[in-house]
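Step one of this worksheet: look at the structure below.
FYI, the numbering just counts along the sequence from 1.
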Amino acid sequence: MKIGIAGSGMIVRVALDALAAIEGTKVTAICVRERSEQTGRELAERYGIDTVYTDYDVMLQDPDVEFIYIGIVNSLHHHYAKRAMEAGKHLLVEKPFTSTVEEARELMELAESKKLYLFEAVVTPYSPDYLKVRELLPEIGQVRLVQSNFSKRSSRYGDYLEGKVLPAFDPELAGGALYDLNIYNLHFAIGLFGRPNDARYIGNIGPNGIDTSGVLTLAYDGFAAACLAGKDSDGDCFTLLQGENGSIRVDGPPNMCSSITLKTREREETFAFDVPNNHMSNEFRAFARMYRDREWGKSMEMLRHSVLVMDIATKARREAGIAFAADRVSPSV
């Protein structure tokens with residue numbers, strides 16, 4: 001995988017650290033805004049990147065770039081991804097995948113028609129703890145309740161309270177707690193149980209119309225799931241699945257689990273996991289493997305999962321009255 005990076009923010013630095021340790025991947029170029037060119041050159045020197053661009057379209061013409069990693073503001077994911085695929089590039093798109101489900105479906109149709117690899121860079125479906133939960137799930141019998149909480153007070157929340165709205169809390173840029181933190185919980189639940197029968201979101205709405213925290217409820221046949229997330233407060237991060245024959249508790253947030261405890265009438269066992277130095281390593285390793293082994297069908301399966309997550313997130317957000325700029329150009333569902 002020869003990768004061109006779009007962006008230079010904090011998440012890009014995390015991605016570069018992860019990619020540097022993965023065999024079979026090389027970052028060959030980085031594209032930044034003109035005013036961030038010096039930052040781009042510093043990153044290029046640090047990570048051994050050959051070329052620094054300040055024009056995205058020029059990078060898209062680089063034959064030494066096979067993939068584009070999009071690590072820019074949420075609201076631009078769709079626009080930058082579409083341009084990359086039209087130029088024949090494969091994609092790694094940072095979570096949340098898009099602002100709306102309509103955008104997600106358009107990108108999936110492009111990937112299908114052009115036979116391109118299109119991955120959402122989200123850790124949950126590729127985490128060893130999530131895969132272990134899938135393996136253990138039958139042991140707890142019929143599931144009756146699921147609870148997930150991913151709450152971490154944002155370093156930008158103080159600025160928000162003072163009236164300085166940064167992208168994490170800007171509805172014009174597809175910010176908010178649902179799309180930032182709760183999206184991990186939603187990936188977890190949908191990955192295990194598929195499409196819910198119904199989804200409702202109750203957000204704690206700030207003065208500019210963004211959700212600083214909230215509760216997403218998912219209704220399934222025979223059970224319900226509650227997904228909590230907060231960017232305005234800290235909480236005990238965990239996931240608890242309760243079944244008629246026992247329970248599974250995941251300790252830690254869904255992007256960085258430390259242990260899982262299975263309790264049934266027959267036994268109790270704890271499974272420990274090494275928390276990786278970089279939480280993005282597992283997903284990038286999985287992407288590199290699928291590309292190396294030409295598992296395009298598997299990549300499309302994961303893409304359909306991401307589109308389903310965006311479908312539920314979009315509907316729940318809109319019904320809660322949280323409006324994004326992208327809604328003004330995407331028809332309501």
Looking only at heavy atoms, the pair that brings Val133 and Ile260 closest together is CG2-CD1, 3.6 Å

Heavy-atom pair with the smallest gap, counting every atom of Lys95 and Asn74: O-OD1, 4.2 Å

Taking all atoms of both residues into account, what is the closest heavy-atom pair of Glu135 and Pro138, and its distance? O-CD, 3.4 Å

Output the distance between atom CD1 (Ile49) and atom CD1 (Ile5), rounded to the nearest 0.5 Å. 6.5 Å

Donor-acceptor pair, Thr25 side chain versus Leu19 backbone, under 3.5 Å? yes

Leu166, CG: over 12 other non-hydrogen atoms inside 6.0 angstrom: yes

Looking at Arg153 and Asp234, is any side-chain nitrogen of the basic one under 4.0 Å from a carboxylate oxygen of the acidic one? no

Residues, nucleotides or ligands: over 12 heavy atoms within 6.0 Å of Gln142 CD: yes

What distance do Leu116 atom CG and Glu86 atom CD have between them, rounded to the nearest 0.5 Å? 11.0 Å

Just do the salt bridge (charged side-chain N to carboxylate O under 4.0 Å, His left out) check on Arg267 and Glu269 with the steps written out, would you? CA-CA 7 Å; Arg267 68 186 180 109; Glu269 186 173 358; 2.2 Å; yes

Can you see whether Tyr291 has Arg294 sitting over its ring - NZ or CZ less than 6.0 Å from the centre and within 45° of the normal? yes

Checking Lys89 against Phe67: charged group under 6.0 Å from the ring centre and within 45 degrees of the axis? no

Rounding to 0.5 Å, atoms CZ (Phe287) and CG (Leu118) come to a distance of 10.0 Å

Rounded to the nearest 0.5 Å, how far does OG of Ser8 lie from CD1 of Ile30? 6.5 Å

Test item: Cys237 and Asn149 side chains (from C-beta on) under 4.5 Å apart, heavy atoms: no

Given side chain to side chain donor-acceptor pair (under 3.5 Å), test Tyr220 with Asp198 step by step and report yes or no. CA-CA 7 Å; Tyr220 287 94; Asp198 191 27; over 6 Å; no

Determine whether Asp251 and Ser259 satisfy the following criterion, side chain to side chain donor-acceptor pair (under 3.5 Å), listing intermediate values before the conclusion. CA-CA 5 Å; Asp251 291 311; Ser259 67; 3.0 Å; yes

Grab the two heavy atoms, one from Val65 and one from Gly4, that are nearest each other, plus how far apart they are. CG1-N, 3.6 Å

Full working for ring-ring contact (aromatic ring centres under 6.0 Å, His included) between Phe223 and Phe193: CA-CA 11 Å; Phe223 71 98; Phe193 306 114; 4.9 Å; yes

To the nearest 0.5 Å, what is the distance between OG1 on Thr54 and CZ on Arg41? 8.0 Å

Mark yes when over 12 heavy atoms from residues, nucleotides or ligands other than Arg33 sit less than 6.0 Å from its CZ; otherwise mark no. no

Would you check if Leu216 and Arg200 make a side-chain contact, meaning some heavy-atom pair closer than 4.5 Å? no

Is it the case that over 12 heavy atoms from other parts of the model lie below 6.0 angstrom from the CD atom of Glu45? no

So does Arg289 pair up with Glu283, basic N to acidic O under 4.0 Å? no

Under the criterion side-chain contact (heavy atoms from CB on, under 4.5 Å), which of Glu120, Met300, His187 is the partner of His305? His187

Are the side chains of Asp62 and Tyr53 in touch, meaning some heavy atoms are under 4.5 Å apart? yes

Could you give me the CA-CA distance, side-chain angles and deciding distance for Arg156 and Phe169, then say whether side chain to side chain contact (heavy atoms under 4.5 Å, CB included) is met? CA-CA 8 Å; Arg156 299 169 178 83; Phe169 292 100; 4.2 Å; yes

The residue among Gln147, Arg249, Lys263 that forms side-chain hydrogen bond (donor to acceptor under 3.5 Å, both in side chains) with Gln242 is Gln147

Which is it for Phe324 and Tyr179 under the ring-ring contact (aromatic ring centres under 6.0 Å, His included) test, yes or no, and what are the steps along the way? CA-CA 11 Å; Phe324 287 172; Tyr179 272 46; 5.0 Å; yes

Heavy-atom nearest pair, Leu308 first then Gly194, reads CD2-C, 4.4 Å

